[in-house]
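Accompanying notes for the structure given below.
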Amino acid sequence: MSLNPIRPWRNIERRKSRQIMVGNVPVGGDAPISVQTMTNTDGHDVKATLAQVIAAAEAGADIVRISAPDQETTRALREICRESPVPIVADIHFHYKRAIEAAEAGAACLRINPGNIGDESRVREVIRAARDHGCAIRVGVNAGSLEKHLLEKYGEPCPDAMVESALDHIRILQDNDFHDFKISVKASDVFLSAAAYQMLAEATDAPIHLGITEAGGLVGGTVKSAIGLGNLLWMGIGDTIRVSLSADPVQEVKVGFEILKSLGLRTRGVQIISCPSCARQGFDVIKTVEALEQRLEHIKTPMSLSIIGCVVNGPGEALMTDLGFTGGGAGSGMVYVAGRQSHKMSNEQMIDHIVQLVEERAAKLEAQANTPAATE
C-alpha cells in the first residue's frame with residue numbers, strides 16, 4: 001500500500017497478490033512494482049543484446065525480456081543470462097523446445113501462451129524444465145491472438161474472452177502443481193485492456209503483468225500507456241509493468257518509472273517539477289529542464305526538484321520539493337533548499353549550481369543510508 005497519513009487522498013491500496021520470484025526480483029505481494037522492457041536487437045548477437053540489456057538496467061529496468069524464436073537464440077541466451085545484471089525473460093512462441101532450452105540456458109522466466117505450445121504433454125515438459133531450473137512462467141494473453149474457439153464464442157476480442165483464455169491456460173499450470181506464474185491480458189485498445197485487467201484481478205490472486213501492447217511511438221504510446229497503466233495502478237492493480245513503445249527500450253524504462261513515480265509507487269532519481277513557461281519567465285525554462293534532465297540522468301537517489309520560471313507559483317512549488325529554483329529578475333533567481341529560500345544565483349550559473357546541489361544531496365543521502373545505524 002502507498003500510505004500517506006498526512007494526505008490520505010494520495011493513498012493507493014494495492015490488490016493482494018501472491019508473490020513469485022523472477023530471478024532475484026520479487027513480483028507480487030508487497031514487493032515494489034517492477035519495471036520491464038524488451039530488447040529489439042538480433043538475439044543471436046550476444047554483444048549487441050547484452051549492451052541493450054545493460055543500458056536498460058542502468059536506466060532502472062528490473063527485468064528484461066528477449067525473444068527466443070530459434071535454437072541459435074537460446075544458445076546465445078546462456079551467455080546473455082550469465083552476464084546480465086538483471087533477470088532475463090525468454091519470450092517463447094509456438095515451439096515448446098525453445099522454452100525448455102531457454103530454461104536450461106538460465107532464463108529467469110518464460111513468457112508462453114500454453115495454447116500455442118501444443119498438447120498438454122508438451123506443456124508438462126515445459127513446466128518440468130521451469131521447475132527443474134527455478135524458472136517462473138508468464139502466461140501472456142494478447143487480444144490479437146486469441147484462440148479460434150473463443151472468437152467464435154464471443155464474436156470478437158473482449159474482456160470475457162481474454163480472461164477466459166488466461167484462466168484456461170493457468171489451469172494447466174495449476175493442474176500440474178506449478179504456481180510460480182504471473183499473467184497478462186494485453187490489448188492495444190486502452191478500454192479493452194483496462195476492462196480485462198480489472199476482471200482478471202478479481203478472478204485470481206496471481207501476480208499481474210501490466211501492459212498496453214503495441215501502444216505506438218514515443219509520444220502517442222507514452223500517453224496511451226500512462227492512461228491505461230496509470231488508471232489500473234491507481235486502482236491497486238499490477239505487480240510488474242512494461243511500457244510498449246516503438247522506441248529505444250531505455251525510453252520504455254524511463255516512461256514506466258515516470259508513471260510509477262507520478263503515483264508515488266516507486267521513487268528513483270530526480271523528479272523535476274517544472275512549468276510550461278510563459279512571458280513571465282525569468283530564464284529559458286524549457287532549455288534549462290532539457291539540460292537538467294540530461295545531466296541528472298546518473299542520479300538514482302530519489303529527490304524532487306522544482307524549476308519554475310517566475311514568482312507566481314515558484315515559491316509555493318519550492319515549498320514542496322527538496323531543491324528548487326525560481327526565476328526572478330535582473331538575470332538571477334532564488335535557490336530553495338528543503339522548501340526554504342537559501343540564496344540567489346545567476347541564470348548563467350544556475351544549471352551547473354543545481355547539478356552540484358543535487359549531486360551533493362544525493363551523496364549525503366546515500367552515505368546516511370549506508371551507515372550502520374541505518375542498516376540495522
Side-chain angles (χ1 to χ4, degrees), residues 1-2 12-39 53 56-57 59-67 84-92 107-113 130 134-142 162 166 169-170 173 179-187 193-194 196-198 200-201 204-213 215 225-226 228-245 249-268:
M1 180 184 289
S2 170
I12 294 176
E13 185 172 356
R14 288 179 60 188
R15 160 184 169 269
K16 291 179 172 58
S17 62
R18 56 188 173 77
Q19 190 173 101
I20 67 169
M21 296 297 295
V22 176
N24 60 356
V25 175
V27 176
D30 59 356
I33 296 169
S34 52
V35 176
Q36 305 191 27
T37 186
M38 186 173 183
T39 61
V53 169
D62 302 293
I63 300 167
V64 175
R65 180 158 45 115
I66 297 174
S67 184
S84 172
V86 294
I88 296 296
V89 177
D91 198 61
I92 308 297
C109 182
L110 307 174
R111 188 276 187 188
I112 65 171
N113 183 331
C135 194
I137 288 177
R138 171 160 75 93
V139 172
V141 174
N142 193 302
M162 294 174 69
H169 294 330
I170 66 171
L173 305 183
H179 305 283
D180 294 327
F181 61 82
K182 50 184 176 160
I183 319 173
S184 63
V185 283
K186 295 185 180 183
S193 291
Y197 274 117
Q198 289 176 68
L200 180 68
T204 177
D205 70 343
I208 287 179
H209 171 113
L210 287 186
I212 305 296
T213 193
S225 297
L229 304 188
N231 276 290
L232 289 164
L233 291 165
W234 203 333
M235 288 187 281
I237 297 171
D239 301 290
T240 183
I241 66 170
R242 189 257 172 122
V243 175
S244 298
L245 302 175
V250 166
Q251 296 298 330
E252 294 189 349
V253 177
K254 289 181 178 180
V255 172
F257 257 101
E258 289 300 323
I259 292 172
L260 293 175
K261 282 161 66 175
S262 69
L263 293 169
L265 292 168
R266 286 286 296 270
T267 55
R268 183 184 191 276

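- For the atom pair CD1 of I92 and CG of L110, the computed distance is 6.0 Å after rounding to the nearest 0.5 Å.
- Legend: residues meeting salt bridge (Lys or Arg N to Asp or Glu O under 4.0 Å) with R266, ordered by chain and number and at least two apart, are D62.
- Nearest heavy-atom pair, A31 versus P26, reported as atom, atom and distance to 0.1 Å: CB-O, 3.5 Å.
- With sequence neighbours left out, the salt bridge (Lys or Arg N to Asp or Glu O under 4.0 Å) criterion links R138 to no other residue.
- Contact between Y197 and H209 at its shortest, heavy atoms only, is OH-O, 2.7 Å.
- For the atom pair CD of Q36 and CZ of R242, the computed distance is 8.5 Å after rounding to the nearest 0.5 Å.
- The line from CG of L210 to CD1 of I183 is 12.0 Å long, rounded to the nearest 0.5 Å.
- Pairs of residues two or more places apart, or lying in two chains, that qualify as salt bridge (charged side-chain N to carboxylate O under 4.0 Å, His left out) and include a residue from residues 229-240 are R14-D239, R15-D239.
- Two residues are said to be in side-chain contact when any heavy atoms from C-beta on lie closer than 4.5 Å; L233 and I12 fail this criterion.
- Note that the CD1 atom of I241 and the OG atom of S34 stand 8.5 Å from one another [nearest 0.5 Å].
- Here the closest heavy-atom approach between residue S193 and residue G211 is recorded as OG-O, 4.3 Å.
- Contacts of Q251 classified as side-chain hydrogen bond (donor to acceptor under 3.5 Å, both in side chains), with partners at least two apart in sequence or in another chain: none.
- What you find for G23 and A108 is that their closest heavy atoms are N-CB, 3.4 Å.
- Applying the side-chain hydrogen bond (donor to acceptor under 3.5 Å, both in side chains) test to T39 and every residue at least two apart in sequence or in another chain returns nothing.
- Residues passing the salt bridge (Lys or Arg N to Asp or Glu O under 4.0 Å) test with K186: none are found, sequence neighbours excluded.
- Scanning for side-chain hydrogen bond (donor to acceptor under 3.5 Å, both in side chains) contacts around N231 gives an empty result, with sequence neighbours left out.
- Under the side-chain contact (heavy atoms from CB on, under 4.5 Å) criterion, Q198 pairs with A194, L232, M235, I237, sequence neighbours left out.
- Residues that satisfy the side-chain hydrogen bond (donor to acceptor under 3.5 Å, both in side chains) test with K261, not counting sequence neighbours, are E258.
- For the pair V243 and S225, the tightest heavy-atom approach, listed with the atom from each and the gap, is CG1-OG, 3.6 Å.
- Partners of A136 by side-chain contact (heavy atoms from CB on, under 4.5 Å), not counting sequence neighbours, listed by chain and number: I20, V22, C109.
- Looking at every heavy atom in both residues, S17 comes nearest to A206 through CB-O, 4.1 Å.
- A side-chain contact (heavy atoms from CB on, under 4.5 Å) with V64 is found for one member of V53, V253, V35 and no other, namely V53.
- Separation of atoms CD1 (I33) and CD1 (I208) is listed at 11.0 Å; rounding is to 0.5 Å.
- For A57, the side-chain contact (heavy atoms from CB on, under 4.5 Å) partners are P85, V86, not counting sequence neighbours.
- Note that CD1 of I112 is 9.0 Å distant from NE2 of H169, once rounded to the nearest 0.5 Å.
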